Amino acid sequence: MRYSNYFIPTYKEVPSEAEVISHQLMLRAGMIRKLTSGIYTYLPAGLRSIKKVEDIIREEMNRAGAIELLMPAVQPGELWQESGRWEYYGRELLRFKDRHNRDTCLGPTHEEVITDLVRREIQSYKQMPINFYQIQTKFRDEIRPRFGLMRGREFIMKDAYSFDVDEEGANRSYEAMYEAYSRIFQRCGLRFRAVEADTGAIGGSYSHEFMVLAETGEDQMINCTKCDYAANLERAEIRGGDDRFEAGNTPMKPLEEVDTPDIKTVEEVTSFLGISEDQLIKTLIFVADDEVVAALVRGDQELNEAKLKNLLGAQMVELASPELVAEATGAPMGFAGPVGLKTKMVADLAIQGMRDFVTGGNRNDLHLKNVNLARDFSIDRFGDLRMITPKDSCPRCGEEIKFGRGIEVGHVFKLGTKYSQTLKALFLDEQGKERHIIMGCYGIGVGRTVAAAIEQNHDKDGIIFPIPISPFEVTILPLQMHDAAVVEAAEKTYRELLDHHIDVLMDDRDERAGVKFKDADLVGIPVRVTVGSRGAKEGQMEIKLRSESETMIVSIREASAIIEEKVKGLYDSLK
RNA sequence: CGGGGCGUGGCGCAGUCUGGUAGCGCACCUGCUUUGGGAGCAGGGUGUCGGAGGUUCAAAUCCUCUCGCCCCGACCA
């Protein structure tokens with residue numbers, strides 16, 4: 001490709017709208033432009049990167065036995081009503097009516113469509129296992145799009161769906177995808193980690209997120225410093241025993257009412273009563289699929305909504321509105337407590353060992369002291385409901401854990417029969433018995449992968465692309481376009497590299513040397529070849545890697561062979 | 001949806017408080033010089049000051065409404 005015949009509009013200045021480095025650099029390097037909030041045009045160089053990631057994904061998916069197809073972006077609401085998600089997916093699902101007034105939506109994910117296809121086409125155990133994937137534009141009407149391609153509303157995603165006859169087969173499919181994902185991100189030059197994750201709105205029973213390690217990441221995760229346990233924050237289990245307190249044999253003190261005028265928050269109550277936060281129980285009122293539920297956690301700990309949802313087996317949990325809290329407890333927000341409360345009650349395990357604690361009194365300006373389990377109230381169900389903290393230890397081995405941040409670039413789920421049940425995807429087994437197909441689903445954010453790679457690979461001058469996903473592998477900079485010797489040497493090398501199928505950008509613009517250097521660094525092309533008047537006269541040119549500071553001087557005659565070696569070496573380093 | 005901020009030439013911004021004929025840098029066009037790390041000089045073009053309404057002799061500036069964007073939070077593969 002010749003630069004003069006191409007389009008890479010670079011910026012010298014940082015656009016004010018961009019906060020994170022990958023967003024800034026993608027704008028500055030002329031890779032993307034924003035159309036409106038969360039919606040971007042991929043400019044030619046950006047598209048090249050995207051395509052390279054897609055190609056790597058295709059290769060590895062095909063290698064893992066998955067089959068590519070392409071499903072529609074526009075989907076009938078009817079299907080979503082059938083799966084039940086029309087109601088539960090929330091406002092992220094962009095809905096509208098077509099001219100016949102039919103409910104319609106833009107696909108944020110494709111479980112419904114693929115399951116519909118499979119239930120029509122797959123009847124027999126002989127047709128499985130099978131795994132379909134596509135690389136396609138998704139639309140999710142995110143509450144708050146941000147950080148450029150990191151969280152867009154319209155974005156390119158690879159989604160795959162596996163179909164198996166039994167649990168064992170489903171596990172094999174899951175493992176195959178897990179392996180494929182590891183290879184994909186390895187080849188993209190990313191430092192990543194697979195962590196256990198909650199299943200969220202997609203549903204299902206088991207999942208891993210592939211996290212690219214980055215301080216600017218939106219997701220928090222923990223990992224064990226000793227064993228290989230790693231999980232995202234929502235998922236991270238609490239080690240049994242960490243919260244065990246010795247209740248002791250001292251008798252329980254009598255229940256006592258205390259006036260707490262306008263004292264609501266944990267800090268206010270504890271300082272007013274002169275107690276520590278772990279002597280208090282927070283009573284949080286939730287709505288879980290239309291049912292009001294009270295969830296109890298220790299005052300110094302934080303409730304984990306994902307765990308609450310799982311414990312209740314609910315589709316959706318939401319913190320109750322102040323009006324609903326008043327209705328359920330008989331008191332304004334801030335005075336809820338378990339004693340005398342009529343709603344269903346669940347509690348974190350840490351509550352079990354507590355003795356003589358403080359709770360709200362379900363009356364305005366009232367708290368209760370010396371409250372005790374069993375004597376004063378009972379709990380419908382106990383479970384691990386709280387957020388993990390740095391003080392906790394690894395749930396597997398008990399060693400120290402570490403907190404980190406990451407960017408979620410991929411997610412693999414075991415879906416089980418969630419969708420094959422609601423959408424009635426059945427097959428006949430060897431005995432001629434009708435059974436539900438066992439599913440898995442697997443996603444990769446393609447644009448986000450490029451953004452994450454930039455987040456991990458850049459310096460003050462710009463992007464330092466891992467070669468497999470760089471828009472170009474090599475750029476040639478003839479510094480004096482009016483010097484025939486320079487142009488000739490550059491053209492010769494350019495032709496030779498093209499002949500060897502190297503992706504090379506020839507900067508044939510009539511620009512000053514500084515401009516060409518700055519642009520090459522900004523765009524982050526991994527191998528830079530410089531041809532200058534002095535060198536050309538002596539039959540030499542320079543090779544420099546974007547990731548290194550040394551420059552290598554080679555003869556024009558050998559240049560293309562050495563460049564090819566360099567390119568190969570960069571690829572090999574990511575195997 | 002709650003809180004905060006911002007909309008002035010393609011980009012980055014000043015001007016708004018205190019109303020008086022819209023400016024700077026970069027970019028762009030022409031010419032000359034320059035030519036290995038975002039050149040210099042000279043000349044030039046570029047704006048319904050996000051939109052609508054109002055106050056005023058006069059509005060980028062004051063008032064009302066509205067649209068959009070960004071950040072924090074809630075929320076979310």
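Predicted model only: the values in this text are computed from it and were never measured. The analysis underlying the following values was restricted to heavy atoms, covering all of them including side chains, and did not include hydrogens, waters or symmetry mates. Numbered from 1 within each chain, the chains take letters A, B, ... in sequence-line order.
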task: Could you tell me whether A:Glu142 and A:Arg151 have a side-chain N and a carboxylate O separated by less than 4.0 Å?
output: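 Salt bridge present between A:Glu142 and A:Arg151.
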How many whole angstroms separate atom [atom1] of [X] from atom [atom2] of [N]?
X        : N     : atom1 : atom2 : answer
A:Tyr11  : B:C28 : OH    : P     : 13 Å
A:Phe139 : B:A77 : CZ    : P     : 16 Å
A:Glu542 : B:G36 : CD    : P     : 12 Å

message: In this structure, is the centre-to-centre distance between the rings of A:His411 and A:Phe210 below 6.0 Å?
response: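 Centroid distance A:Phe210-A:His411: not below 6.0 Å, so no.
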Looking only at the side chain of [X] (C-beta and beyond, no hydrogens), which of the listed nucleotides [options] gets closest?
X        : options             : value
A:Glu13  : B:A77, B:G37, B:G12 : B:G12
A:Arg534 : B:A77, B:A27, B:G36 : B:G36
A:Arg28  : B:A77, B:G37, B:G38 : B:G38

When you compare the protein's N or O atoms with those of nucleotides 33-35 of chain B, which come within less than 3.5 Å of each other, and at what distance?
{"from": "B:U34", "atom 1": "O2", "to": "A:Arg512", "atom 2": "NH1", "distance (Å)": "2.8"}

- request: If B:C24 has a Watson-Crick or G-U wobble mate with both distances under 3.5 Å, name it; if not, just say none.
  value: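 When the pairing criteria are applied, B:G12 turns out to be the nucleotide that pairs with B:C24.
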message: Check for me whether A:Arg509 meets the cation-pi criterion with A:Tyr3, that is, NZ or CZ under 6.0 Å from the six-membered ring centre and within 45 degrees of the ring axis.
response: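 Yes, A:Arg509 lies over the aromatic ring of A:Tyr3.
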query: Where does the angle between the aromatic ring planes of A:Tyr6 and A:Phe472 fall among parallel (under 30°), tilted (30 to 60°) and perpendicular (over 60°)?
result: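 Answer is perpendicular, since the angle exceeds 60°.
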- prompt: When the nearest nucleotide of RNA chain B is assigned to A:Val409 and to A:Gly535 on a heavy-atom basis, which residue is associated with the more 5' position?
  reply: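 Upstream on the strand: A:Gly535.
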- line: 5' to 3', nucleotides 66-73 of chain B under a 4.0 Å protein heavy-atom cut-off (B base, S sugar-phosphate only, - none) gives ---SSBBB
